[in-house]
Asks: 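My structure is below; once you've seen it, I'll send some questions.
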Amino acid sequence: MKLLKKHGLYTFLIIAVMAVSLLSFAKESEESQMAAVYNYGSRGLTVYLIQQRLQEWGYYSGELDGIYGTSTADAVRLFQQNNGLTSDGIAGDSTLSALGIVSQVSQASDLDLLARAIYGEGRGEPYEGQVAIGAVILNRVKSANFPDTVAEVIYQTGAFDAVRDGQINLLPNRTAYLAAIDALNGWDPTGGALYYWNPATATSRWIWSVPITTTIGNHVFGTK
């Protein structure tokens with residue numbers, strides 16, 4: 001689902017709690033990271049995602065401000081009541097899972113590395129194309145034919161130009177983080193692709209043996 005493309009997101013990023021810096025955008029408070037629980041007083045990107053999802057489903061009508069206040073807690077409590085969860089107004093792992101939100105507590109390092117890969121490989125590509133790069137990486141993690149973690153997939157020998165030329169170490173912009181979050185939360189514009197390449201610059205003869213399933217921006221995507 002395209003979780004982060006609605007409700008005036010870019011205005012929110014400029015004026016709300018995520019606008020302080022890229023680091024504060026990517027990671028939340030130390031206390032929230034340690035607890036893996038979001039409740040009254042919590043703030044940050046995951047709280048924003050909780051509010052957004054609850055609003056989409058008709059549970060929350062307040063401001064999307066990334067601050068876990070009374071109205072957010074009440075909406076969470078009602079959602080929990082209607083979904084067989086402990087109705088305490090606290091968003092822990094089970095509530096986040098039911099909401100379809102990947103907890104950034106457990107995914108902070110994956111988020112940062114995925115954003116770096118997206119930025120290094122696809123800055124300048126349309127937003128959907130940047131999400132697609134993240135989706136290919138995550139599809140490889142799920143595939144039995146590739147390593148089992150985001151880091152291992154990205155750093156697999158010869159897998160990505162951004163690793164070979166050092167662009168993996170560049171500081172990602174907000175768009176790259178947004179694309180990484182959307183990919184982590186399940187948006188896959190490629191429909192399950194395991195490979196992508198730029199037809200104008202690709203030098204591998206083997207890559208052309210991969211059936212192309214979709215084209216987004218300057219990249220084509222496919223799987224075997």
Side-chain angles (χ1 to χ4, degrees), residues 2-5 13 18 21-28 33 45-46 102-224:
K2 305 176 184 180
L3 289 176
L4 295 176
K5 297 183 69 181
L13 289 174
M18 298 312 144
S21 67
L22 289 173
L23 181 60
S24 65
F25 177 81
K27 298 181 181 180
E28 296 171 272
Q33 289 182 31
L45 183 55
T46 297
V102 176
S103 171
Q104 285 184 268
V105 172
S106 61
Q107 296 291 335
S109 61
D110 282 355
L111 170 62
D112 187 65
L113 185 54
L114 194 61
R116 288 177 182 273
I118 290 169
Y119 187 72
E121 291 277 313
R123 65 185 182 279
E125 290 296 305
Y127 183 74
E128 183 179 9
Q130 294 187 47
V131 177
I133 291 172
V136 167
I137 292 169
L138 296 176
N139 289 341
R140 290 188 180 188
V141 173
K142 298 172 187 175
S143 171
N145 296 322
F146 290 90
D148 296 330
T149 69
V150 169
E152 289 173 329
V153 164
I154 290 173
Y155 286 107
Q156 188 175 26
T157 302
F160 296 100
D161 289 340
V163 174
R164 285 197 296 268
D165 61 21
Q167 294 189 70
I168 191 72
N169 298 314
L170 297 175
L171 183 65
N173 58 15
R174 288 188 176 93
T175 301
Y177 277 111
L178 287 171
I181 293 164
D182 264 346
L184 284 166
N185 279 294
W187 183 19
D188 181 1
T190 77
L194 294 172
Y195 302 93
Y196 67 89
W197 66 99
N198 185 332
T201 60
T203 57
S204 168
R205 298 180 65 180
W206 177 87
I207 197 65
W208 288 103
S209 68
V210 177
I212 295 172
T213 56
T214 190
T215 300
I216 305 173
N218 292 315
H219 288 137
V220 294
F221 297 79
T223 193
K224 296 186 74 170

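Values in this document were obtained by computation on a predicted structure and should not be read as measured data.
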Asks: Run Y195 and T190 through side-chain contact (heavy atoms from CB on, under 4.5 Å) and show every step you take.
Replies: CA-CA 10 Å; Y195 302 93; T190 77; over 6 Å; no

Asks: Of the non-hydrogen atoms in G122 and I133, which two are nearest, and what is the gap between them?
Replies: CA-CD1, 3.6 Å

Asks: Looking just at side-chain N and O atoms, do E121 and Y196 make a donor-acceptor pair shorter than 3.5 Å?
Replies: yes

Asks: For the residue pair A183 and L138, what are the closest heavy atoms and their distance?
Replies: O-CD1, 3.3 Å

Asks: Does R140 use its side chain to pair, donor to acceptor, with the backbone of V153 at less than 3.5 Å?
Replies: no

Asks: Donor-acceptor pair, D182 side chain versus V131 backbone, under 3.5 Å?
Replies: no

Asks: Any donor-acceptor pair under 3.5 Å linking the side-chain atoms of R123 with those of Q167?
Replies: yes

Asks: Using the rule given for side-chain contact (heavy atoms from CB on, under 4.5 Å), can you reason through T213 versus V220, listing the C-alpha separation, both sets of side-chain angles and the distance that settles it, and then say yes or no?
Replies: CA-CA 8 Å; T213 56; V220 294; over 6 Å; no

Asks: Do the side chains of I154 and I168 get nearer than 4.5 Å, heavy atoms only?
Replies: yes

Asks: List the atom of W197, the atom of V210, and the distance in Å for their closest heavy-atom pair.
Replies: CH2-O, 3.5 Å

Asks: Step by step, work out the side-chain contact (heavy atoms from CB on, under 4.5 Å) result for I181 and N185.
Replies: CA-CA 6 Å; I181 293 164; N185 279 294; 3.4 Å; yes

Asks: Please give me the minimum heavy-atom distance between Y119 and A176, naming the atom from each residue.
Replies: CB-CB, 3.9 Å

Asks: Is any side-chain heavy atom of T175 closer than 4.5 Å to a side-chain heavy atom of Q130?
Replies: yes

Asks: For a 4.5 angstrom cut-off between non-hydrogen side-chain atoms, does P147 reach Y155?
Replies: no

Asks: Which distance, rounded to the nearest 0.5 Å, do you find between the CD1 of I212 and the OG1 of T223?
Replies: 12.5 Å

Asks: Let me confirm one number: the OG1-CG distance from T201 to N218, rounded to the nearest 0.5 Å.
Replies: 8.5 Å

Asks: What are the two closest non-hydrogen atoms of T215 and G217, and how far apart are they?
Replies: CG2-O, 3.9 Å

Asks: Measuring from R116:CZ to L111:CG, what's the distance to the nearest 0.5 Å?
Replies: 10.5 Å

Asks: Please lay out, stage by stage, how I216 and F221 fare under the test side-chain contact (heavy atoms from CB on, under 4.5 Å).
Replies: CA-CA 8 Å; I216 305 173; F221 297 79; 3.9 Å; yes

Asks: Could you state the interatomic distance from CD (Q156) to CD1 (I137), rounded to the nearest 0.5 Å?
Replies: 11.5 Å

Asks: Counting only N and O atoms by type, is there a donor-acceptor contact under 3.5 Å from the side chain of N198 to the main-chain atoms of A202?
Replies: no

Asks: Where do A115 and A180 come nearest, in terms of heavy atoms and distance?
Replies: N-CB, 3.8 Å

Asks: Determine whether Y177 and I118 make a side-chain contact, defined as any pair of heavy atoms from C-beta on separated by less than 4.5 Å.
Replies: no

